[in-house]
Every structure is written in structure tokens, then in C-alpha cells.
Engineer: 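Input: one structure, supplied below.
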Amino acid sequence: MRRVAVLGMGHTNFMAHSPKTTIEMLAESSMDAIAASDLSPADIQAIFCGNVLGDFSEGQGMLQSYLADEIGCTHVPATRFEGACASATMAVRDAFMWVASGFYDIVLVGGSERATAMGTALATRTFAMFGDSRYEFPAGFTFPAFFALLAHLYADRHRIPLARLKEMMARVSVQSHEYGARNPHAQFRKEISVEQVLNGFMVTSPLQLLDCCPFSDGAAALVLASEDIARKQVEKPVYITGIGQASSGRMSSQYAFLPRLRAREVSVKSAYAMAGVGPKDIDVCELHDCFSIAAIIAAESLGFAEFGRGGHLWEDGSARIGGRIPINVSGGLKAKGHPIGATGVSQVYEVVKQLRGERVNQDRQVEGARIGLVDTLGGDGVIVNLVLSAS
């Protein structure tokens with residue numbers, strides 16, 4: 001199996017109410033990625049795209065084929081991936097395997113979403129379709145309700161008073177906004193306080209408004225290539241050294257393991273084993289903080305803290321730049337934004353930038369970062385993890 005590297009990358013601003021279509025945003029970031037790789041569209045042999053809501057937000061399916069034509073990659077194979085929030089990370093994983101196998105040498109991977117075009121009510125309803133629609137949605141289990149329940153289970157399982165847990169959760173959001181304020185691509189470029197989080201509008205107990213990530217519009221793209229090509233094309237190739245993916249059933253079928261998500265632990269174990277690393281080797285992590293409690297649960301399952309102790313990473317500074325394991329120094333989903341079908345590629349983009357040492361000018365560079373981890377959760381049923389290395 002060949003080594004696979006990330007070459008050039010592209011990333012639009014994440015925002016609400018983008019004037020551009022899903023395909024236009026993806027074409028923009030894709031052309032930036034191709035140009036940054038010192039390649040042309042004619043060099044791309046296949047395209048892999050993440051998108052979730054395009055059929056509903058714009059009435060637009062088949063974006064992968066129209067993207068290929070739009071950017072001049074005429075007639076190349078183009079495939080769309082749907083795995084809720086993990087769609088783009090699934091696309092990266094599959095693209096990696098195609099290049100690692102030797103079938104392709106150079107491929108384009110992207111993700112795009114225009115979620116805010118639907119408005120909050122329709123976006124919430126359509127996104128709920130990526131949970132269980134027969135039994136759980138009619139009972140009120142949208143994703144905010146799902147993670148609110150996990151917060152209550154977490155507090156009970158680990159005997160943490162709910163008010164105490166909420167303070168730890170608030171610090172997750174505060175840190176995300178601190179770093180998001182330094183990220184020119186972020187949807188929310190403003191800092192917030194613990195008090196603002198705790199005094200915010202109640203969405204579904206115990207989650208308040210600033211515990212929750214937004215719906216977003218945006219796109220990101222990257223070019224993957226074999227090692228021999230990468231060394232010719234870019235000065236600082238970053239390699240994907242480990243991949244993992246696991247799935248699980250509806251939330252009610254996971255009752256014996258909650259609030260932990262077993263699929264994450266299976267997936268990241270595979271990624272660590274393939275890369276030959278462990279949690280202590282990770283220098284920077286972009287994890288799935290769709291809600292503040294989700295970040296705490298994820299950090300524990302990824303091996304960064306003992307179960308029941310994840311919140312302390314944000315309280316004692318371990319999750320900050322300069323701490324033991326910097327987490328979501330891009331602003332994460334919470335502040336950078338969450339254009340569902342683009343999120344996974346955006347996470348890879350941020351980790352690669354860190355491993356190349358290209359975040360110094362934004363005052364959010366993790367000094368000496370060599371190994372990074374991407375963690376993306378799709379609904380309650382898909383987890384994808386990627387380990388990336390600067391050498």
C-alpha cells in the first residue's frame with residue numbers, strides 16, 4: 001500500500017446565507033486546492049464529494065457530476081458521499097484508499113453545504129432524517145435532544161452535579177470562540193464568556209444556545225496524491241497515516257454503552273493502530289464539537305482523558321495551545337461553523353495547516369505539531385477518524 005499525501009487545499013468562509021450555490025462554493029475551494037497543488041484540472045483522475053442536504057436546501061442532487069464539469073474535470077468519475085456530518089470525512093477516507101491501492105495517483109476531495117438556505121425549522125426537520133425517523137424522531141429526538149440526553153446521562157454516570165457539568169461545558173464553547181475569533185474563515189469571530197453561555201436561551205435542557213454549533217454554509221477541498229507525486233509538487237506534504245470508520249444503530253440500540261459512543265472507540269482504535277501511534281502522540285486534534293457535551297465525550301473516547309474527566313481538559317488548560325492536547329484551535333464546529341457536508345474536509349484542512357506550521361500569522365499555531373487527529377461524528381451512526389503526520 002502506497003503512502004498518500006495531502007497536497008493543496010482550499011476553504012471558503014463559513015457563514016450564514018451564502019450568496020453562492022453549493023456547487024459554486026465547492027468549485028471555488030476545489031480550484032484553490034488544485035492551484036495550490038501546482039496542478040491543473042486535467043491532472044485530477046477522480047472526485048469524491050461530501051454533501052448532505054443539497055436535495056432539500058436547493059433541490060440539487062448530483063452535485064458531484066456538475067462540479068466535475070464546472071471545474072474542467074470533464075468525464076472523470078465523481079462520487080457523492082452521505083454520512084450526515086461525517087460525509088466529507090468518509091469521502092477523504094475512500095479517496096485515500098483509492099490512491100493507496102495504486103488505482104489513482106491524484107484525486108480531488110471536497111465537501112459543501114448550504115444549510116441556512118432552508119431556515120432553522122426546515123433545516124432542523126430535514127437534518128432529523130439522519131437519525132431514526134420511525135421511532136425516535138416522532139418522540140422528539142432531534143440531535144439537540146440526543147445530546148441533551150447524553151449530558152444528563154453523563155452527569156448521572158459520573159456523579160457530577162449538572163450545574164458543575166454545565167460550567168465545564170461552557171468552557172468548551174468559550175475556548176472555541178477564542179480561537180474562532182482568530183480564524184478568518186470562521187462564522188463566529190467573536191469571543192464569549194462563561195456567563196454568556198450559562199445565561200443563554202435554553203434550547204433543550206441542559207443545552208443552552210451557546211452550547212450548540214450553528215448551521216452554516218461553506219465548502220472545503222483538498223488534493224490527495226501518492227508520495228512520489230507529492231514530493232515533486234509541494235514543499236511540505238502531510239501524510240494520512242491512519243484511518244478508521246465504524247457505525248452504530250439508532251440511539252436506543254446503544255443504551256447499554258451511552259453516554260459513550262462505542263463506534264468512536266472502535267474507529268479511533270483502528271486509526272491509531274494503522275498509524276502506529278496512540279493518544280499521547282497526538283499534537284493537535286480537530287474533534288466533533290457539535291454540542292459542548294459532545295466535545296467532552298469525544299475527548300474521553302479518543303483517549304485524551306479518563307472517562308468522567310474530559311471537562312477538566314478545558315478547565316486546566318490542557319486543551320489549549322501550549323497544553324497537553326490542543327483541541328479545536330480552529331474554533332471547531334462551535335465557532336468556525338458546521339456546513340454539514342464540508343465539515344470533515346475543513347477539519348483535515350486545519351490539521352494539515354497546523355502540521356505545516358502555517359498558523360503562526362493567525363496566532364493559533366501549535367508549536368512543533370507533527371501528528372494530528374481528525375474526529376467526525378455523523379448523526380448517531382457513523383464515526384470517521386483520520387491520523388495525519390508531517391513526515
Engineer: Is there a side-chain contact between Met251 and Leu258 (heavy atoms, below 4.5 Å)?
Structural biologist: yes
Engineer: Should the pair Arg93 and Phe81 be classed as cation-pi, given the thresholds of under 6.0 Å to the six-membered ring centre and 45° from the axis?
Structural biologist: no
Engineer: Between Glu350 and Arg359, does any NZ, NE, NH1 or NH2 come within less than 4.0 Å of an OD or OE carboxylate oxygen?
Structural biologist: yes
Engineer: Indicate yes or no: does Asp55 engage Arg80 in a salt bridge with an N to O separation below 4.0 Å.
Structural biologist: yes
Engineer: Go through the steps for Asp211 and Ser292 under the test side chain to side chain donor-acceptor pair (under 3.5 Å), then give the verdict.
Structural biologist: CA-CA 5 Å; Asp211 287 304; Ser292 54; 2.7 Å; yes
Engineer: Could you check whether any side-chain N or O of His288 sits under 3.5 Å from a backbone N or O of Gly378, counting only pairs where one atom can act as donor and the other as acceptor?
Structural biologist: no
Engineer: Given Arg356 and Glu235, is the salt bridge (Lys or Arg N to Asp or Glu O under 4.0 Å) satisfied, shown in steps?
Structural biologist: CA-CA 10 Å; Arg356 289 177 176 171; Glu235 183 179 349; over 6 Å; no
Engineer: According to the salt bridge (charged side-chain N to carboxylate O under 4.0 Å, His left out) rule, which pairs have a member within residues 220-234, sequence neighbours left out?
Structural biologist: Arg3-Glu227, Glu227-Arg231
Engineer: Inspect the surroundings of CZ in Phe257 and state if more than 12 heavy atoms from other residues, nucleotides or ligands are less than 6.0 Å away.
Structural biologist: yes
Engineer: Strictly below 4.0 Å, N to O, side chains only: are Glu265 and Arg260 in salt-bridge contact?
Structural biologist: yes
Engineer: State whether the side chain of Glu82 and the backbone N or O of Asn51 hold a donor-acceptor pair below 3.5 Å, judged by distance alone.
Structural biologist: no
Engineer: Identify whether the distance between the nearest side-chain nitrogen and carboxylate oxygen of Glu300 and Arg264 falls below 4.0 Å.
Structural biologist: no
Engineer: For Phe307, does the CZ atom sit with more than 12 other heavy atoms under 6.0 Å from it, leaving out its own atoms?
Structural biologist: yes
Engineer: Okay, side chain of Gln245, backbone of Met90: is any donor-acceptor separation there less than 3.5 Å?
Structural biologist: no
Engineer: Examine distances only and state if a side-chain atom of Gln45 and a backbone atom of Asp105 form a donor-acceptor pair shorter than 3.5 Å.
Structural biologist: yes
Engineer: With Ser330, which of Glu286, Lys353, Gln362 fulfils side chain to side chain donor-acceptor pair (under 3.5 Å)?
Structural biologist: Glu286
Engineer: Kindly check if the number of other-residue, nucleotide or ligand heavy atoms within 6.0 Å of CZ (Arg182) is above 12?
Structural biologist: yes
Engineer: Establish, yes or no, whether a centroid distance under 6.0 Å links the rings of Tyr349 and His11.
Structural biologist: yes
Engineer: With sequence neighbours left out, write down each residue that passes side-chain contact (heavy atoms from CB on, under 4.5 Å) with Met31, or none if nothing qualifies.
Structural biologist: Ile34, Pro41, Ile71
Engineer: Determine whether Pro144 and Phe291 make a side-chain contact, defined as any pair of heavy atoms from C-beta on separated by less than 4.5 Å.
Structural biologist: yes
Engineer: Among Gln196, Glu191, Lys190, Lys334, which one satisfies side chain to side chain donor-acceptor pair (under 3.5 Å) with His177?
Structural biologist: Lys334
Engineer: Quiz question: by atom type and distance under 3.5 Å, do the side chains of Ser216 and Gln187 form a donor-acceptor pair?
Structural biologist: yes
Engineer: Should the pair Lys236-Glu358 be classified as a salt bridge under the 4.0 Å nitrogen-to-oxygen rule?
Structural biologist: no
